[in-house]
Novice: 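One structure follows; several queries about it will come next.
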Amino acid sequence: MEFKNFSLAIGQTKVSRFANDLAAGKIMSTLCKKCGKSYYPPRADCSACMSSEMEWSPLNGEGKLVTFTKIHVPPEHFAIRQPLMPFSSIQFEPCPVGIIEVKDGLRIMGWMPKIDLKKIKVGMKLKASPQVLPDGKVTIVLEII
């Protein structure tokens with residue numbers, strides 16, 4: 001799988017394995033072998049010590065919600081179409097996006113299309129999971145544990 005299939009139009013990257021692992025159902029992080037700093041999303045080079053000796057490791061994706069917002073015009077694959085309003089050809093229901101904190105203080109951002117906006121609370125336990133969308137792109141979805 002090309003990295004451009006991870007919701008971004010990037011053709012080349014030093015961490016293309018990230019998108020391949022997401023498509024295979026795994027969320028990966030990297031760990032600098034030299035200084036021990038962890039990274040998510042994965043990096044090929046450590047910004048702390050400038051080493052390129054990185055080790056890949058899976059994240060289980062369970063964590064607590066740190067913050068969230070709602071996107072009023074989400075991508076079509078997360079859009080819940082509503083009846084038309086005057087002067088508008090389409091209306092979308094807002095879709096929440098959140099950031100959870102997992103082990104080592106790493107933070108994962110993902111869509112929350114199955115969680116009612118009124119029930120979202122900072123601190124709630126969520127799990128991040130990769131999801132292949134109908135258009136073939138890969139993204140991360142957060143769901144209640």
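Any value given below was found using the heavy atoms of this structure, including those in side chains, with hydrogens, waters and symmetry copies removed. Bear in mind that the values here come from a model prediction, so they are computed numbers and not experimental data. The first residue of the sequence shown is numbered 1, and numbering continues consecutively from there.
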Novice: Compare all side-chain heavy atoms of M112 with those of L126 and state whether any distance is below 4.5 angstrom.
Specialist: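 Counting from C-beta outward, M112 and L126 do come under 4.5 Å.
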Novice: Can I27 be reached from I145 by stepping across I, L, V, M, F, W or Y side chains whose heavy atoms are under 4.5 Å apart?
Specialist: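 In one cluster: no.
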Novice: Indicate yes or no for a side-chain donor-acceptor contact from S29 to the backbone of S57 under 3.5 Å, with no hydrogens or angles considered.
Specialist: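 Yes; at least one donor-acceptor contact below 3.5 Å.
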Novice: Would K114 and E143 pass as an ion pair if we require N to O under 4.0 Å?
Specialist: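 The answer is yes: the pair qualifies as a salt bridge.
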Novice: I need the minimum non-hydrogen distance between G61 and V102, along with the two atoms involved.
Specialist: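 What the structure gives for the nearest pair is C-CG1, 4.0 Å.
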Novice: With side chains defined as the heavy atoms from C-beta onward, is the minimum distance between I140 and L22 less than 4.5 Å?
Specialist: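 Sidechains of L22 and I140: in contact.
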Novice: Can you find a pair of side-chain heavy atoms, one from K70 and one from V97, that are under 4.5 Å apart?
Specialist: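 Not in contact.
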Novice: Under the side-chain hydrogen bond (donor to acceptor under 3.5 Å, both in side chains) rule, what do T30 and Y40 come out as? Steps first, then yes or no, please.
Specialist: CA-CA 7 Å; T30 50; Y40 177 85; over 6 Å; no
Novice: For D21 and M28, which heavy atoms make the closest approach, and how far apart are they?
Specialist: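 So the minimum-distance heavy-atom pair works out to OD2-CG, 3.1 Å.
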Novice: Verify the neighbour count for atom CE of M124: are there more than 12 heavy atoms of other residues, nucleotides or ligands below 6.0 Å?
Specialist: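 Yes, the 6.0 Å shell around CE holds more than 12 heavy atoms from other groups.
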Novice: Test of understanding: clusters of I, L, V, M, F, W, Y form through side-chain heavy atoms closer than 4.5 Å, transitively. Do I108 and L106 belong to the same one?
Specialist: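 Result: yes, single cluster for both.
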Novice: At their closest point, which heavy atom of C46 faces which heavy atom of K37, and how far apart are they?
Specialist: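 Looking at all heavy atoms of both residues, the closest pair is SG-CB, 4.4 Å.
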Novice: Are M54 and F18 in one and the same hydrophobic cluster, where Ile, Leu, Val, Met, Phe, Trp and Tyr link if side-chain heavy atoms are under 4.5 Å apart?
Specialist: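 Result: no, two separate clusters.
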Novice: Do D104 and L59 come close enough that some side-chain heavy atom pair is under 4.5 Å?
Specialist: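 Not touching, per the 4.5 Å side-chain cut-off.
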Novice: Please report the shortest heavy-atom distance between P96 and I120, naming the atom on each side.
Specialist: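 Looking at all heavy atoms of both residues, the closest pair is CB-CD1, 3.6 Å.
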Novice: Testing the basics here: between V141 and P113, what is the closest heavy-atom pair and its distance to 0.1 Å?
Specialist: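 Closest approach of V141 to P113: CG1-CD, 3.8 Å.
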Novice: Okay, side chain of Y39, backbone of C32: is any donor-acceptor separation there less than 3.5 Å?
Specialist: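 Answer holds: no.
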Novice: I'd like to know if K64 pairs up with E101 as an ion pair, taking the criterion as any Lys NZ or Arg NE/NH1/NH2 lying under 4.0 Å from an Asp or Glu carboxylate oxygen.
Specialist: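 No, this pair does not count.
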Novice: What is the distance from atom SG of C49 to atom NZ of K33, rounded to the nearest 0.5 Å?
Specialist: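 The distance works out to 12.5 Å.
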Novice: From R43 CZ over to L31 CG, what is the distance, rounded to the nearest 0.5 angstrom?
Specialist: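 It is 13.0 Å, given to the nearest 0.5 Å.
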Novice: For P130 and K26, which heavy atoms make the closest approach, and how far apart are they?
Specialist: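 In this case the closest contact between P130 and K26 is CG-N, 3.9 Å.
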Novice: Indicate yes or no: at least one non-hydrogen side-chain atom of I71 is less than 4.5 angstrom from one of W111.
Specialist: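 Of all side-chain heavy-atom pairs linking W111 with I71, at least one is under 4.5 Å.
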Novice: State plainly whether one hydrophobic cluster holds both L117 and I100, where clusters connect Ile, Leu, Val, Met, Phe, Trp and Tyr through side-chain heavy atoms under 4.5 angstrom apart.
Specialist: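 Yes; tracing contacts between hydrophobic side chains, which count when under 4.5 Å, links both residues.
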Novice: Side-chain heavy atoms under 4.5 angstrom apart, residues restricted to Ile, Leu, Val, Met, Phe, Trp, Tyr: same cluster for I144 and F68?
Specialist: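 Shared cluster, yes.
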